[in-house]
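Worksheet: the structure to be examined is printed underneath.
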There are 2 protein chains.
Amino acid sequence: MKLSNGIEWVLHCCVTLSQAQGPVPAQRLAELHDIPPAYLAKHLQVLSRAGVVHSSQGQDGGYGLTRPPGEISVLDVVAAIDGPGGFFRCTEIRKRGPLAAAPERCTTRCSIARAMADAELAWNEALSKITIADLAENIDADSGGTALGDVREWLEAR
Amino acid sequence: MKLSNGIEWVLHCCVTLSQAQGPVPAQRLAELHDIPPAYLAKHLQVLSRAGVVHSSQGQDGGYGLTRPPGEISVLDVVAAIDGPGGFFRCTEIRKRGPLAAAPERCTTRCSIARAMADAELAWNEALSKITIADLAENIDADSGGTALGDVREWLEAR
DNA sequence: GTTTGTCTACTCGGATAGTATATGTCCGAGTTTAGCGGG
DNA sequence: CCCGCTAAACTCGGACATATACTATCCGAGTAGACAAAC
């Protein structure tokens, strides 16, 4: 099971957008990261529908964050791209076969489903603790404090 | 992103095997859970290669756990079926595009990759805390204490 | 009665098709901006 | 000089092909037990 590559792309894009003053076209975001523009656009549309970013059309249009970067968690982005529903789906096989459990006895969820749900909860909580602002800060620190400035400069230039 | 259905199947099968005295054929495990026998066999082969179960051929052959159920974690099973490598794969797009980071500056992992790795660690830890024995105990409790006995009886019959 | 050999039935194991999801691409609908003409 | 109109260029949005991985299945290799015959 592998996560979509788009998740990495849009996370980088969100960090970039957090440094932008105005709207940034998908074309330009793709150029900055050297990734397929059309496919990135598809993922940005999903983010737009999820309410993480907003789009403006026409000349000088593009994408922008709907909230301050400190209020957008990595979980918001991952959940939007990955879609609804968790990793694990219980098919209730305990209700099948020669020893099928009677439906009236299945008042609680299968213990296997509970175990997987707990793990997903741990995953979600870990991702919800990190925001786009945290990512930007760390990226800047890793680069020695020049990365974000370079991005802002590149965005200003045309 | 969805986990394979086989994970649910083999987890149930491991609980069943924890109640067996001798080897249980894949055919019989499939019959008990009402699932495609050939496809289940494929997943059991993977578990066998991972060392979670061992197989014996010939008449009265079948599968059995290699260790006591209390020493087999859910993570062992999930990791075996899901294969090596985590959910997220970093493609190092920071090294691409007009603002590519110099390779010598990339001494540490990208902060995005770190965030995802932390979340995967939380997921893994949650799964490693639960064993097959825990699952069996909970299933028995949910059924009012009759499920495991029924399974043992059904395995003995025939 | 014991032993040995064969033989059969049963098991796993990997190689082989079909289907859903992820990846990648394209062109059309809509909007904003700029330019132009008129007042 | 200001206002309104027109037109063009640029944007997003959803519809359309391709690649990868999950789902499902089959048949062959190998082994353990059962049976029969010989000693």
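Labels below follow one simple rule: chain letters A, B, ... track the order of the sequence lines, proteins then strands, and each chain is numbered from 1. Since we're looking at a predicted model, the values are computed, not measured.
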In this structure, how many angstroms lie between the [atom2] atom of [N] and the [atom1] atom of [X], rounded?
X	N	atom1	atom2	value
B:Ile81	D:dC22	CD1	C1'	13 Å
A:Asn5	C:dG24	CG	P	7 Å
A:Gln45	C:dT23	CD	P	16 Å
B:Arg49	C:dC12	CZ	P	14 Å
A:Leu40	C:dA22	CG	P	17 Å
A:Asp82	C:dT23	CG	P	10 Å
A:Lys2	D:dC22	NZ	P	8 Å
B:Ile35	D:dT23	CD1	P	12 Å

Donor-acceptor pair between B:Arg96 and B:Thr91 side chains, under 3.5 angstrom: no

Minimum-distance nucleotide to B:Tyr63 side chain [options: C:dT23, D:dT25, C:dC12]: C:dC12

Candidate nucleotides C:dG24, D:dT23, D:dC12, ranked by approach to the side chain of A:Ser55 - the nearest: D:dC12

Give a yes or no on whether the backbone of [Y] and the side-chain of [X] come within a donor-acceptor separation of less than 3.5 Å.
X	Y	value
A:Thr16	A:His12	yes
A:Thr66	A:Val52	yes
B:Asp76	B:Ser73	yes
A:Asp150	A:Ala147	no

Nucleotide-resolved protein contact map, nucleotides 26-34 of chain C, B/S/- at heavy-atom distance under 4.0 Å: B---BBSS-

Nearest heavy atoms of A:Arg105 and B:Ser143, plus distance in Å: NH2-O, 3.1 Å

Heavy-atom pair with the smallest gap, counting every atom of B:Ser111 and A:Leu135: OG-O, 3.5 Å

Closest-nucleotide ordering on DNA chain C, the 5'-leading residue of B:Gly62 and B:Arg89: B:Gly62

B:Gln27 atom CD, neighbour heavy-atom count above 12 within 6.0 Å: no

DNA chain D contacts made by residues 15-32 of chain B, counting heavy atoms under 4.0 Å: none

Between CH2 on residue B:Trp123 and CG on residue A:Asp118, distance to nearest 0.5 Å: 10.5 Å

B:Tyr39 side-chain N/O to D:dT23 phosphate OP1/OP2 under 4.0 Å: yes

